[in-house]
Structures are given as structure tokens and as C-alpha cells.
Amino acid sequence: DESSVCSTCSTGQYSGTASSSCSSCASGKYLTNAATGVESSACSDCSAGQYSGNTTASCSSCAAGKRLTNAATSLESSACTDCSAG
């Protein structure tokens, strides 16, 4: 019975067939295909101006009045800084 030996990966993680563990996409990437064990097939780069931590299933944009300074985090306070005046 496959359901007794298989479990679902957490949100933002992927796992290939017959894999015994789940993996997360690297920071700055987001999950696009959870059913593969190969990161290059499972994860895509965030679009320019977006950020993502290694356990997120999507990328985020900085709030208005802020600019991206670190794409490899899931915390806006670490990813974005206030824009300069003018």
C-alpha cells in the first residue's frame, strides 16, 4: 500500500519518485514542479525585483517605496530597503 510508505512534502518542497526525503528550492527561487527530484526542473528563478527564501512556493515583491537589495530571503525587512528621497 503506497499510502502507508509515502508522505506529502511540505509547501514549497519537492521530491522525485522513490525519494525518501523532500528538498527545498534555493533562496531566490520558487517551486514550479513538486514531482521531480532535480532542483533545476523543480525550481525557477524569481523574476527581477522579487525575493524568496528557501522554503517558499512563490516569490514576493517589495512594497511601494522600497527596493530589492537581497533576493535570497523570505523576510521583506531583510530583502527590501527604503528608496532614496527624490
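- Each salt bridge (Lys or Arg N to Asp or Glu O under 4.0 Å) pair with one or both residues in residues 59-80, not counting sequence neighbours, appears once here: K66-D82.
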Exercise for review: Walk me through it: do Y51 and S74 pass the test side chain to side chain contact (heavy atoms under 4.5 Å, CB included)?
Suggested key: CA-CA 7 Å; Y51 62 93; S74 59; 5.7 Å; no

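- By the 4.5 Å side-chain criterion applied to Ile, Leu, Val, Met, Phe, Trp and Tyr, Y14 is assigned to a cluster that also includes L31.
- Nearest heavy-atom pair, S58 versus S52, reported as atom, atom and distance to 0.1 Å: O-OG, 3.7 Å.
- The nearest pair of heavy atoms linking L68 to Q50 is CD2-O, 3.5 Å.
- Summarising the geometry of S15 relative to S21, their closest heavy-atom pair is OG-O, 3.1 Å, with the distance given to 0.1 Å.
- Interatomic distance, OG of S44 versus NZ of K29, reported as 7.5 Å (0.5 Å rounding).
- Closest of all the heavy-atom pairs between N33 and S41 is CB-O, 3.6 Å.
- The backbone N or O of A79 lies less than 3.5 Å from no partner atom in the side chain of T73, so there is not a single donor-acceptor pair.
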